[in-house]
Amino acid sequence: MLATVAQQAQDTQDTLAIPSVDAVALLPQLILMVGGLLLLTIVSLVKGRMPKSATTLYTVAIASASLISTIPLWHRVQNPAEGPTSLMAGAVGLDGFSLFVTWVICIGVALAALLGDGYLRREGLDGPEFYVLLLLSAAGGVTMASANDLIVMFIGLEALSLAAYVLAAMHARRIASQEAGMKYFVLGAFASAFLLYGIALTYGATGSTNLAKIQQFLSDSVLTQDGMLLAGLALMLVGFGFKVAAVPFHSWTPDVYEGSPSPTTAFMASVVKAAAFAGLIRVFVVTFPSYAVQWRPAVYALAAASLVVGAVLAVVQSNVKRMLAYSSINHAGFILLGVQAATATGTSAALFYLLAYTFMVVGSFGVVSLVGRGGGPDRHHLSSYRGLAKRQPVLALAFTLFLLASAGAPFTAGFLAKFGVIGAVVERENWSLAAIAMLSAVISTYLYLRIVGTMYFSGDEDDALERPKVRVNPAARVALTVAVAGTLALGIIPGPFADLAQDAVAQLVAAP
Amino acid sequence: MQDLLWLIPALPLAGFLILVLSGGRIREPLAGWLATAMVGASFAVTVAVFADLVSHGEEERTFTQTLFEWLPSGSFQVGFGFLADPLSITMCLFVTGVGALIHLYAIGYMHGDPKFTKFFLYLNLFVFSMLMLVLGDNLLITFLGWEGVGACSYFLIAFWHTDISNATAGKKAFVTNRVGDWGFMVGTFLVWTTIGSVNYLDISAGASGVAAVTATAIVVLFFVAATGKSAQIPLFVWLPDAMAGPTPVSALIHAATMVTSGVYLLVRLNPLLFEAGWANDVIAWVGAITALVAALIAISQNDIKKVLAFSTVSQLGYLFLAVGTGNYVAAIFHMVTHAFFKALLFLGAGSVIHGMAHDQDMRHYGNLRKYMPITAGTFIVGWLAIAGVPPFSGFWSKDEILAGAWDYSSGGKVLWAIGLLTALITAFYMTRQVVMTFFGEEKWRSLTGEGHDPAGGSAVNAAENADADLEHSPAHDQHGLTPDFEPHESPPLMTLPLVALAGLAIVGGLINLPFSDQFERLGGWLEPVIAHEHEMPGGSTLVVLAIVAILAALTGIGLALVVYVRKRIPAKDIEQEAFARGFYIDESYSRFVGGPGRRLFDAVAWFDANVIDGAVNGVGTVTQVAGTQLRRLQSGRVRGYAMGMAIGAVLLVGYAVARMGF
Amino acid sequence: MLATTFVEYAVWAVAAAICLLGALGVVLFRNPVHNALSLVATLFGVAVLFVAQEAYFLAAIQVIVYAGAIVVLFLFVIMLLGVDAIESLGIERHVWRRPVAIVAGAGLVALVLVAVLVGTAEVTGQPSSTGSLGGEYNDIERIGRALFTDYVWAFEITAVLLTIAVVGAVVLSRKPTEAALDEAEFDRVVEESRLDEDVPEELDDDELDELEADDEAVGSEDLPTYVDEPGVTS
Amino acid sequence: MSAAIVASQSSALIASESGAAFNPLPWLVLVPVIGSVVVAMVPANRPGTSKQLALVFAAISGCLSIFLLTEFHAHEAGFQFVVDREWIAQLGISWHLGVDGISLFMVVLTGLLFPLAILAVDPHHDEKPYYAWMLLLMAGSMGVFLALDLVLFFLFFEIVLIPMYFLIGSWGYDGRVYAANKFFLYTMFGSALMLVGIVATAYLHQQAAGGELTFDLVTIAESQSIGQGAARWLFASFALAFAVKVPLFPLHTWLPDAHTEAPTAGSVILAGIMLKLGTYGFIRFGLYLFPEASEWAAPVLLTVGVIGITYGAVCAAMQKDLKRLVAFSSVAHLGFIILGIFSFTNQGLEGGVLQMVNHGITTPALFLLVGMIYERRHTRQISELSGLQKVAPVFAGVFTVVMLASVGLPGLNGFPGEFLTLLGGFKGARWWAVVAATGVILAAIYLLWAYQRVFHGEPSEENRSFREISLAEGLVMAPLIALIVFLGVFPKPMLERIEPSVEILLEHVGNHSDADVTDVAPPSGVAAEEGSH
Amino acid sequence: MNQQAYVILAALLFGIGAVGLLVRRNPLVMFMCVELMLNAVNLTFVSFAKSLDDVGGQVVVFFVLVVAAAEVVVGLGIIVSIMRRRSGVTADDLRMLKG
């Protein structure tokens, strides 16, 4: 299709310099997009005759294909002879960074799809649109991560977000889901406006929306009047801050995470967050390192506030899903530490964190989606977890692993993730932030212990043992197994993964 | 024979181990005989070593034997070693000798007790510890023994532990001793940091180089230790309570051996004492005052063992008076004689108690010489010895202490006068005891069913103790004293040691007669150990002082006879309430510990639970409150959230404006 | 030249007035239909301003797409839902909300303007070397060329965006076949919220805060553990 | 790789690789981990299967620790059995294990206590997870004492919290959940800043010394390239973690709760092993890593240590719960170790290490005994117990021996360490030691008072049927009692293995700080040696 | 004419839109306010495009229009799905999720 268009353009206008399309380099995104559209087509054609789990398998396959298609690209990028390139007239950056985020997104999509399988059936929501939206949203996320142009990034963000709004609101039988979608949408649109205004000001200040060009411009000339640029950065930070759920732009997070269907929540916490951070890093760390002196304190403030507010608010919750939502704000604070450092170390630490967090958070919300059933508003209440360890020791142990990993327990993914970002902060000799981070980790640990304690240490005395067992459908079992494996692998043999995260940022497209 | 030195403590230890490992299979009377045999064997070895030492020249009478390194740590090297020299062997001789006799006695005394084996096990352990204390070639081994005897003392005082007051007495003894141990430990540290070694030989060699201030500090610290172990003011309060233990224990531990270890320690360190300046004054004065105070208290005691306990405290005061005045030979001399006669008196008292259905109240006694002649006879020997009537052993040793004090530089005359007064009082209360016990009416015949007269201060305690003995020593009549009770003499097993000790109490003075150097055998024998010889007053003064001392003793006896036989003066006028209650010292301690002390402890515990832990929980509470407050912002209303974002945006843009260049 | 400038100013002034009045109308009119119509005015004003800045094609699209499609969609939804009920603008839960909102908005505008306008240059970026607005091509061509050269990827991605929108609209507008699981809970919350809004305007801050506090106090308690009695829950 | 090279170049602290072909160190950690997985996997059809399995694995690890002890070269100062493998290369984190005289006995103690604890105490429910957690705890404990990499150390330091959290929370007593949370959060709070400190240490080291980022303890400690001011801050971050773990006043309040509510085995391990992580950390990561800062901070630590000695004892005396009393006694005992460590003397440090081991024998023994009391009477309230000596004399005798060891009676194992710490303390920090020595009085007060209330007197009605110690219980206590006596009489084998490491550590401290670490006897000591033969 | 006039106007529009979203309760009107803000941004872009003499700014506006259209579709879909449950629901009424 693309080629045809280009061909036609070439025919009509000789002078039109259509950029060459390196389809292989775009494969990860194309697979997701085409996969989504194809699924849409298939289901509209063969509706009613498809086996129920086929869509799940299909989605996982597409995500895996996308993931696999990055491997040759990775080798290409890491090959010193070739290195990172920009494609499509400089709109897309193909570098280790974008590929790493693509992995995170693909893993998140696959796991969320697996979680969705049982959930949709259970809730009577058997619609393939869920998977279509997952794939298209992920395509938007990958676009965002690989965007080398602000406008492409914006469109990618919108694609990601619009799909996420729908995914949040798509549970027709729960008004809470629609409320969540509504809140997410209104605030998301509000934030998008800020982001866009920031892009506008940046455009005015630098004369381009292309990140490479912006960088070129900034390295060539010194702005004596940097007010417009700084205002633009500030407004973009509002937009990204919203997407990554940084305080004070976080307030949607608990409500939306709670109200959304749990697989969607897992998707939002992993994929959306990863893509948003990718955008944030691409814009701020990669493009505006020369303004790091100015923007770092602002990110510092967001990080510190997220760390503390997320942890403190999480502690007083009694709804497990909400607890995890607040804890995701705390985690966002941690990842912001890596951003705040504005160094290669910080970026690779943030990437590693995102990867680790994907496993932990998908696992956590996976368990939540299994345990929280029924119609009442308290289905995710802490008391639903009483005695879970007695009823279903394996499930409880898995949840414990995810929670402890979130707390940063040794030999889990969470530890090295935290270790990395703290290291990045320390490297910047930013002691106060490191201290705040670790203390917030202690506070949030209380929250994780509360859940673990409820599962393990209570329930002898009441009817906890007689509660019905939670049936773990095969897809969810696979998802949880993968999440467990990932959480442990990143903790016990983190070397290869940390290597990847490090290599991912060794050389970036927009970097001078 | 010197190589067998290690056998001296090893034998009692072997006895202890055999009895422990047998797990109670060795029973009465075999356990008793075994224990006795071990101590007896130990005595034999001691004698052999003694003979060996004697056979050497005066300069070669010091021998060390190190078994292994105990605590080697850098420059701190301490071996598990023994030191045999005239001083330690002298101590060993009477520890094992008297110890063996008391073991023997105990076989009879403890007859029928269900914990017979355990008793001897402890007793053997005690002898082992005591020998370690005495034989150790350094401060640390001494400390090992020092603590060991303390622990054994604790076990044995609390031997009949089902009575809580016995247990309390044991604990009190241990804790009070621990106060002294603080001094011992810190003193040891100071010795090591000053001299670089804790070996006695090194200390003797290095003492002269120690600065006076340091030496004073060291000596004061060790004196603190000694006041604990040897029951001096202010730490003497445990000893009277320690009478809760079986009587052989009182005789062995709380009269003859353990309580003298403080004196031994100071004599051991006499080279340092020489350098220690005013510390010696402290020792002398504390000793003298303790002697007097304890003697006064003894006047009003009605418990036969309590009288002897306070008497022991008083006599120990004498020893410290001697040590303080530099009269080490006299101290050791009196220690030995005191061991003989005090052990005799205690065993005699035990025999009486044994014969009187474990009633210890002297007011229930009377005319017992008729029923238990051997006990009475030997007790009277002891009485004369302690009262200082020549030629009994006590006279010689006590006289030497008094004479030695006469010329002491700081207030020697006053010290002498106090000592003399104490001697008079000693004679008085001992006479009172003998009269009340062995003479006069058979007072138990007039006892009413009500039992014991609660009047008279510590008599209450005594009565309780008596009850305790009664209850837990099933060997004898369980019914207590009734008017138709017939006292009986103790079995030969018990009277034999009495006779032996009585003999020693009579002739004990022979080892150090003041007539000439030739007769001062003990002085000569100890000379290598004593760094600086004490100068005694000249011949005529010595004689005059001796005569005055004899007069004082006779006066004391006479007074007592006037009061208790002739009853010219009512006993009540003399037996002051203040004496009976030990000058309220113990009570005020108890009141302090039970009052402000307890409150302080309670306050600390309260502080911990509420302030410190409260702060910890407070952090949690603050977090919760902060979360609850912050939570109100999360109102659920989307416009509120938008407002938060808008304000955040304003702040961020404001920050940008603040940072922009103009 | 002067005339041109005057005309420019006049156009700007009129269009700006239309825009601002329209915008105020969006915010201030109580009837949603009026709001939508005011929005059209603003959009039209903006289109005029586009024209004033030589963005003719965009101006056309602005009118066609925005006014023609988007606002119509709004009106359609208003009619569909019958939500043209008049919103009682006089009532606001928190008296402080509006002043704070206005201060925040004004502050934001002021700060942005300070940042943008301080100094002499209109923009700090350098003029484009490739995509000049003048030159041989006309407006549409220029945009077309840019779309298929520099912005071709963005253009392609837009397709995904629109697909998502379509799928989303389909998913969301499906009529639910059965009652929502949390219908009762929803009704209760809405009822509660309605009660709040009956608070008369005269209530002073303290009283409102109290009301708020009571409300939150209930809300902040842990949810009760019983399941099937949503009516009793907090 | 580079870390390994730097490490091998650096200093005398690295002794040559041990001659033994088989290096037990990794297996000390791995065997319990494997055991834990096996226990968790094997279906426990018959009660007791889990226990037997756990016991086997713990015993294998224990035997390995004994093997380590026999193969250890007694008079070498450096680390032996060194393993140094790359782990996370790009961060300079390596799997660096080694053992020296300071850690050797803690490893052996760990190897001994765990099998005993597993043997001695049965959980009353859910035995499979219980034993799995126990084995995991064992692995973590081993790892802490073996790790020579800052991050590895931290990992093990933290990982032990998790099994202990579950042990307390699942198998503890009434207030277990509160205690478990408090334990976890408090200790994690302490170590949170240590993580920052660890990262900062490595980073500042790299900055100052050049080369690649490394977390290797030996490399960093030997180069001592971090500036004075920074080093002091870093030390503070480490010290906070260790102070919580020890625990030092006023950071101790997690301990009584955790000890009291933990199941007996948990208390045994807490007291025997986990408290030592703090003091061990002070030696290994305080003195070695930051000698100057340690010396600088010594007055503060000495003060809180000495306060702990007296304060812990006073609090112990007033406790109504027997287990709580023992818990508070740990606060007091650990204070002695701190005194010894921060006296910067040979004697103090050796005594400290000795005391670490000895406290790790006596206090667990006390906890076992208290556990036995609880098993019989289902109460630990002192007021509800009485006269037990009459009904269970052997039990009382065992208790007495352990108690006296705890009091510090010479001839039992409590004494050598306590005495040496005080002696060293007196040499290096005189007045602190003088005050600390009062602790020996207070120890006698609280323990004897408790003993009297529990064992003496006439047994009340409920206590009359108190069961005498059983053969199984006796078998558990026997090795402990044997060690109590043996180490009291003959601590030399330990001291001579500890000494070289302590000497070289002190030399290191002396080289890099103003601390006077000379251990030369005063002149007359020379004369003394001649005199004693 | 000074391009800054357009920028000022755009900023004012943006501000009005933002304030409108903060004060209105009807979700539809709130959403209209978002459209106001987007228009303000568009105006800014066009103004900058003029100043920079760069077609890029205009192309961006083109894309923003598309995005706005897509947003409206999804946004209105969500609003419809919730408001047809109960007509006249305001944004403030939706607070099942809170805390």
Side-chain angles (χ1 to χ4, degrees), chain C residues 5 8-9 12 16 19-20 23 26-27 32 35 39 42 46 49-50 53 55 58 61 65 70 73 77-78 81-83 85 87 98 101-102 105 108-109 112-113 116-117 122-123 125 127-128 131-133 142-143 146-147 151 154 158 161-162 165 168-169 172-173 185-186 189-190 193 219-220, chain E residues 1 3-9 11-13 15-16 18-20 22-23 25-26 28-29 32-33 35-36 39 42-43 46-48 50-56 58-59 61-63 65-67 69-70 72-74 76-81 83-84 86-89 92-93 95-96 98-99:
Chain C
T5 318
E8 272 183 13
Y9 271 115
W12 179 84
C19 282
L20 289 176
V26 171
V27 177
N35 297 130
L39 182 60
T42 303
V46 170
L49 292 171
F50 283 179
Q53 292 179 93
L58 288 180
I61 297 193
V65 174
I70 295 180
L73 202 55
V77 168
I78 291 168
L81 296 173
V83 287
E87 184 181 342
R98 281 184 196 152
I102 290 165
L108 186 67
V109 171
V112 168
L113 289 180
V116 173
L117 300 180
E122 287 157 9
V123 288
S128 166
S132 168
L133 288 175
R142 274 197 301 273
I143 290 180
L147 273 182
Y151 293 94
T158 321
L161 189 68
L162 291 171
L172 291 169
S173 53
E185 165 81 359
F186 177 68
V189 170
V190 171
S193 177
S220 64
Chain E
M1 156 160 192
Q3 288 292 323
Q4 288 180 343
Y6 295 99
V7 177
I8 293 168
L9 178 63
L12 286 172
L13 273 180
I16 291 172
V19 172
L22 294 180
V23 299
R25 280 191 294 267
N26 187 330
L28 278 167
V29 180
M32 289 180 204
C33 293
E35 295 302 325
L36 276 182
N39 268 283
N42 281 353
L43 192 53
V46 171
S47 165
F48 286 155
K50 177 89 189 303
S51 303
L52 293 167
D53 190 23
D54 178 33
V55 73
Q58 293 192 359
V59 176
V61 173
F62 178 83
F63 285 120
L65 276 170
V66 177
V67 168
V72 166
V73 171
V74 170
L76 289 180
I78 293 174
I79 290 170
V80 166
S81 76
M83 286 184 97
R84 73 177 161 213
R86 183 150 178 174
S87 144
V89 169
D92 275 8
D93 294 341
R95 51 189 305 240
M96 278 201 288
K98 65 174 180 181

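Just so it is clear: chains get the letters A, B, ... in the order the sequence lines come, proteins before strands, and each one is counted from 1.
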Ranked by heavy-atom pairs below 4.5 Å to chain E, first place among C:L49, C:I102, C:I61 goes to C:L49
Of C:V46, C:L147, C:V65, the largest count of non-hydrogen pairs under 4.5 angstrom with chain E goes to C:L147
Flag side-chain contact, heavy atom, 4.5 Å: [X] against [Y]:
X     : Y      : result
E:L28 : E:L76  : yes
C:L58 : C:Q53  : no
E:D93 : C:F186 : no
E:V80 : C:L172 : no

Chain E heavy atoms under 4.5 Å from C:L73: which part of the residue, side chain, backbone, both or neither?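 It is both, since atoms from each part get that close.
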(request) Identify which part of C:I143 has an atom lying under 4.5 Å from any heavy atom of chain E, answering side chain, backbone, both or neither. (result)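 Both backbone and side chain of C:I143 come within 4.5 Å of chain E.
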Which of the residues [options] is involved in the greatest number of heavy-atom pairs with chain C at under 4.5 angstrom?
options                    : answer
E:L12, E:L9, E:V72, E:V73  : E:L9
E:A69, E:G15, E:S81, E:S47 : E:S47
E:I79, E:V46, E:L13        : E:V46
E:N42, E:I16, E:V74        : E:I16

dist E:Q4:CD -> C:L113:CG (nearest 0.5 Å) comes out at 9.5 Å
Check your understanding: What orientation do E:F63 and C:Y151 show, parallel under 30°, tilted 30 to 60°, or perpendicular over 60°?
Key -> tilted
